[in-house]
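In what follows, a single structure is set out as structure tokens and then discussed.
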Amino acid sequence: MADQKALTTRAQDFSAWYNEVIMRAELADYSPVRGCMVIRPNGYAIWEQMQRALDDMFKELGVQNAYFPLLIPQSFFSKEAQHIDGFAPELAIVTHGGGKELEEPLVIRPTSETIIYSMYAKWIQSYRDLPMLMNQWCNVLRWEMRTRLFLRTAEFLWQEGHTAHVDEADAERFALEILKVYRRFAEEWMAMPVLTGRKTDSERFAGALRTYCIEGLMQDNKALQAGTTHNLGQNFAKAFQVTFQSDQGTLEYVWNTSWGVSTRLVGALVMTHGDDAGIITPPRLAQYQCVIVPIYKSDAERVTVLEAAERILRELRQGGVRTHLDKRDGLKPGAKYYEWEGRGVPLRLEVGPRDVAAGQVMLARRTGGAKSPLPTAGLARALQTEMDVMQAALLEAARVRREQHSIRGITKASFLEFLEGDGGFAYGGWCGDAACEATIKEETKATIRCLPDEEFRSPEAPRSCMWCDRPAVTEAVWARAY
RNA sequence: CGGGGCGUAGCGCAGUCCGGUAGCGCGCCUGCUUUGGGAGCAGGAGGUCCCGGGUUCGAAUCCCGGCGCCCCGACCA
């Protein structure tokens, strides 16, 4: 470890803490190129776990993976008016290749709707070809003005799903199906509770009919958009002539959806569960769920202890626990404890001569509490239980924290007071006027994170807009956001 | 793009005001002793002082001009 000093605490400076945690855990590093980051093995391992889980869920819905090119003809972007308006400012464009100026500049994809639907136009002829359900795992590039490790980098990794359907109802159904997947992933894998809902028109994806999202609340009480899914309507189908012949023999435009989550989720994980010692990785996403630290003095002890540790390692791996044995010599056990805590490993087993003699190990949990002895026999099963408990506890703790920092039935006055304090999710009535929404954003820096789904709405529907007192058309959730 | 900060060893920094042998802590290498919550001692390696010009016998330091990065805001996954 490069740095032995204590981290800046979350209370002192959340932003400094966040950066230090990432460096300490060796999740990522700054690259020579502004706004770009290197994802180091510890960070990439988390992303791989995320990919695996999400990919399985997509495939259960019948989605297939494919790969589309990095470079997109510039003209493709002007085919859908809102889309070009939304993305033009942040495009990176390749103008030269092989030492010659290109006839048509090529855009490095910021997202792939245009190229994918241009291909769908070739592949879809009949309603029998629908739905067409594809996803790709790739990198994209957006020339962001200000960047932050994982949360907003110029280049980032993500998955983008793109589907085509026979009618609006099927597209809508599928977009919402994906929203459920995202929510399930956030809660069951990341242990991160999220609100689900619809974005207002001003926050909608450029080119979409409707955008739905999952929103998490970080420990500094700022909201983070963690995933979006869009019903694109027929906007792209019309721009790229994606048509099919219906069972009635008529020629129709398809209805599209697109949806994505990115490496931003790694940042979300840090900000949801990290503490002043570093990150806490939920067991289901941890690269190593358990690390074994051997303890010995003499050479004789070393042999005995390592032999026992190796045996435990084998048994745990066989029992499905992702385990690492830290055999490094010359590092005191305490130094290893600090290192693995910083890296967020959920469980740590200490194995010393006394433990070997007693047929036990000492278990320490990343989430705290006293160390406790566990018999070596049946250890894998015991640790699985420990991890289930920890996974559930992390989700519950995050949920409690979010609810403690949520306020309902706000008025303009109570809303302002709430923002003056710690902030968080503020539920209240909204008139539906984009001008009112913009004023609120300008004056408070808070935005409507979503128009929450039924499940998250307040028992009593608000009757008036919390800001302007005109009749409310819906309930909205405001927060300051990343 | 506005505001702030910073560029000196792998990392964190002092030295810059007031020009004169390039330093400290951590890390790294070797050896010995250590190892149940961040080990100790000894020896050692490691530098275009961000870049370019200028002033000077002499520049990390003074002058001029660039570049880069980080943080805070406006825009966004």
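In the text below, chain A, chain B and the rest are named by the order of the sequence lines, each starting its count at 1. Everything quoted here is computed from the prediction, not taken from an experiment. All values below come from the heavy atoms of this structure, side chains included, with hydrogens, waters and symmetry mates left out.
Taking the six-membered ring for Trp and the full ring otherwise, the centers of A:Tyr117 and A:Tyr120 sit less than 6.0 Å from each other.
Residue order along RNA chain B, read from the 5' end via each residue's closest nucleotide, puts A:Pro333 first among A:Tyr30 and A:Pro333. Between A:Tyr337 and A:Thr153, the one whose closest nucleotide on RNA chain B sits nearer the 5' end is A:Tyr337.
Annotation: side chain of A:Leu419 is not in contact with side chain of A:Trp478 (no heavy-atom distance under 4.5 Å). The shortest side-chain heavy-atom distance between A:Arg142 and A:Phe87 falls under the 4.5 Å cut-off.
Taking 4.0 angstrom as the limit, A:Lys336 places none of its side-chain polar atoms (N or O) nearer than this to OP1 or OP2 of B:G38. Residue A:Asn19 places at least one side-chain N or O closer than 4.0 Å to OP1 or OP2 of B:C71.
Searching all strands for a Watson-Crick or G-U wobble partner of B:C1 with both distances below 3.5 Å returns B:G73. Within the shown strands, B:C51 is the pairing partner of B:G65 under the Watson-Crick or G-U definition, both distances less than 3.5 Å. Judged by Watson-Crick or G-U wobble contacts below 3.5 Å, the nucleotide B:G58 has no partner. With a 3.5 Å ceiling on both atom-pair distances, B:A22 lacks any Watson-Crick or G-U wobble partner. Both distances falling under 3.5 Å, in either a Watson-Crick or a G-U wobble arrangement, place B:A39 opposite B:U33. Here B:C28 sits opposite B:G44 as a Watson-Crick or G-U wobble pair (both hydrogen-bonding atom distances under 3.5 Å).
Side chain of A:Lys441, nearest nucleotide from B:U35, B:C75, B:A77: B:C75. In the set B:A77, B:C71, B:U35, the nucleotide with an atom closest to the side chain of A:Ser15 is B:C71. Closest to the side chain of A:Pro353, out of B:A77, B:G36, B:G38, is B:G36. When distances run from any side-chain atom of A:Lys445 to the nucleotides B:C75, B:A74, B:G36, the shortest one goes to B:A74.
Taking atom NZ on A:Lys297 and atom P on B:A39, their separation rounds to 14 Å, with Å as the unit. Atom CG of A:Asp13 and atom C1' of B:C70 are 12 Å apart (whole Å). Per the geometry, CD belonging to A:Glu442 stands 16 Å off P belonging to B:G73, to the nearest Å. The interatomic distance linking A:Met50 (CE) with B:A77 (P) rounds to 19 Å, in whole Å. Rounded to whole angstrom, the span from the CD1 atom of A:Ile22 across to the C1' atom of B:C11 amounts to 18 Å. One can place CG of A:Leu331 at 14 Å from P of B:U35, the figure rounded to the nearest angstrom.
Residue contacts for A:Ser262: at a heavy-atom cut-off of 4.0 Å it reaches a base atom on one of the strands shown. Using a 4.0 Å heavy-atom criterion, one finds that A:Arg348 contacts the bases of the nucleic acid, with or without backbone contacts as well. No engagement by A:Leu224 is indicated, since no non-hydrogen atom pair under 4.0 Å with the nucleic acid exists. Among the heavy atoms of the strands, none lies under 4.0 Å from A:Arg302. Using a 4.0 Å heavy-atom cutoff across all strands shown, A:Glu203 reaches no nucleic acid atom at all. Among the atoms of the strands shown, base atoms are found under 4.0 Å from some heavy atom of A:Glu144.
Annotation: B:G40 and B:U35 have their P atoms spaced 14 Å apart (nearest Å). For the C1' atom pair drawn from B:G37 and B:C1, the interatomic distance equals 49 Å after rounding to whole Å.
Between the A:Tyr182 side chain and the A:Thr196 main chain, no donor and acceptor come within less than 3.5 Å of each other.
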| message | Checking A:Glu341 against A:Arg348 for the side chain to side chain contact (heavy atoms under 4.5 Å, CB included) test, could you report, in this order, the C-alpha distance in whole Å, the side-chain angles of both residues, the deciding distance, and whether it holds? | response | CA-CA 9 Å; A:Glu341 278 165 9; A:Arg348 183 180 74 234; 3.1 Å; yes
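A:Asp329 and A:Tyr296 form a side-chain donor-acceptor contact under 3.5 Å, judged by distance and modelled atom types alone.
The base of B:G37 does not come close enough to the side chain of A:Glu350 for any donor and acceptor atom to sit less than 3.5 Å apart. One donor-acceptor pair, N or O on each side, does fall under 3.5 Å between the base of B:G37 and the side chain of A:Lys371.
An aromatic stacking contact links A:Tyr338 with the base of B:G38, defined here by ring centres under 5.5 Å apart and ring planes under 30° from parallel.
Between A:Glu80 and A:Gly207, the shortest heavy-atom distance links the atoms OE1-CA, 3.6 Å.
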